[in-house]
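Following: one structure in structure tokens, then a few remarks.
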Amino acid sequence: LAALETRFLLQVDDFRRRARRKALASAIRAWHSQAALASEAARMARLKKVFACWRLVAKEQVLLQRYLRECSAENFKGLPPSHTSVRPEDLERLYRQMAEHRWDAVDVLSP
């Protein structure tokens, strides 16, 4: 009877250990899955910021090239400076957007 009781207690202890181990493994898998999702979300946010900044820089280059081309054409013709299609407000708006992305990117890129 004592051997049967000891055997039963050992089985109960073994069952508890297995259940605890399974619960722990399940929690670790869930944590790992959530960590991977969070990491991917952070990576996508960084990429979104990088592409937005790249787009703004490309837009800046187009505006600056257009401005330079128009100013050069007027100078070669010997004309006094007149209004170009690129207004200072265009560049100011663009630089404001670039600054906003730059400060937003600090939050995203900081660990």
Side-chain angles (χ1 to χ4, degrees):
L1 187 62
L4 189 59
E5 184 179 343
T6 303
R7 182 173 158 212
F8 175 73
L9 289 174
L10 287 173
Q11 286 177 342
V12 168
D13 186 51
D14 188 44
F15 176 77
R16 284 184 188 154
R17 286 177 193 244
R18 271 193 254 138
R20 195 176 315 138
R21 197 175 304 132
K22 285 179 184 179
L24 182 60
S26 176
I28 289 172
R29 279 192 302 275
W31 172 81
H32 185 268
S33 173
Q34 290 300 314
L37 289 174
S39 176
E40 181 64 16
R43 188 179 78 78
M44 293 305 291
R46 282 192 303 269
L47 283 174
K48 183 179 175 182
K49 294 286 182 185
V50 166
F51 284 122
C53 290
W54 177 79
R55 181 183 49 80
L56 290 172
V57 168
K59 190 174 181 180
E60 174 198 29
Q61 292 301 309
V62 168
L63 285 175
L64 290 174
Q65 287 173 0
R66 186 183 318 151
Y67 180 75
L68 181 61
R69 186 174 50 246
E70 290 172 359
C71 288
S72 295
E74 287 181 0
N75 284 337
F76 284 132
K77 293 177 185 175
L79 299 174
S82 65
H83 296 302
T84 62
S85 64
V86 180
R87 299 181 322 258
E89 300 86 40
D90 296 333
L91 291 169
E92 288 173 9
R93 186 180 340 76
L94 180 67
Y95 290 137
R96 192 176 316 111
Q97 290 173 342
M98 291 171 85
E100 288 170 2
H101 277 289
R102 181 182 182 116
W103 292 116
D104 285 346
V106 169
D107 295 336
V108 172
L109 297 175
S110 298

Note to self: With rounding to the nearest 0.5 angstrom, report the CG to CG distance, Leu56 to Leu63.
What the structure shows: 10.5 Å
Next item on the list: Quickly, which of Arg18, Arg16, Arg17 forms a side chain to side chain donor-acceptor pair (under 3.5 Å) with Asp14? Name it, please.
Entry: Arg18
Could you list the donor-acceptor pairs under 3.5 angstrom formed between side-chain atoms of residues 91-98 and any protein atom two or more places apart in sequence or on another chain?
from	atom 1	to	atom 2	distance (Å)
Arg93	NH2	Asp90	OD1	3.4
Tyr95	OH	Glu60	OE2	2.8

Exercise answer: donor-acceptor pairs, residues 24-39 side-chain atoms, under 3.5 Å, sequence neighbours excluded:
none

Note to self: Please say yes or no: joined through hydrophobic side-chain contacts below 4.5 Å, possibly via intermediate residues, are Phe51 and Met44 part of one cluster?
What the structure shows: yes
Check: Are Val57 and Val62 connected in a single hydrophobic cluster, I mean Ile/Leu/Val/Met/Phe/Trp/Tyr linked by side-chain heavy atoms less than 4.5 Å apart?
Finding: no
Margin query: Take a 6.0 Å sphere around CD of Glu5 and say whether it holds more than 12 heavy atoms from other residues, nucleotides or ligands.
Written below: no
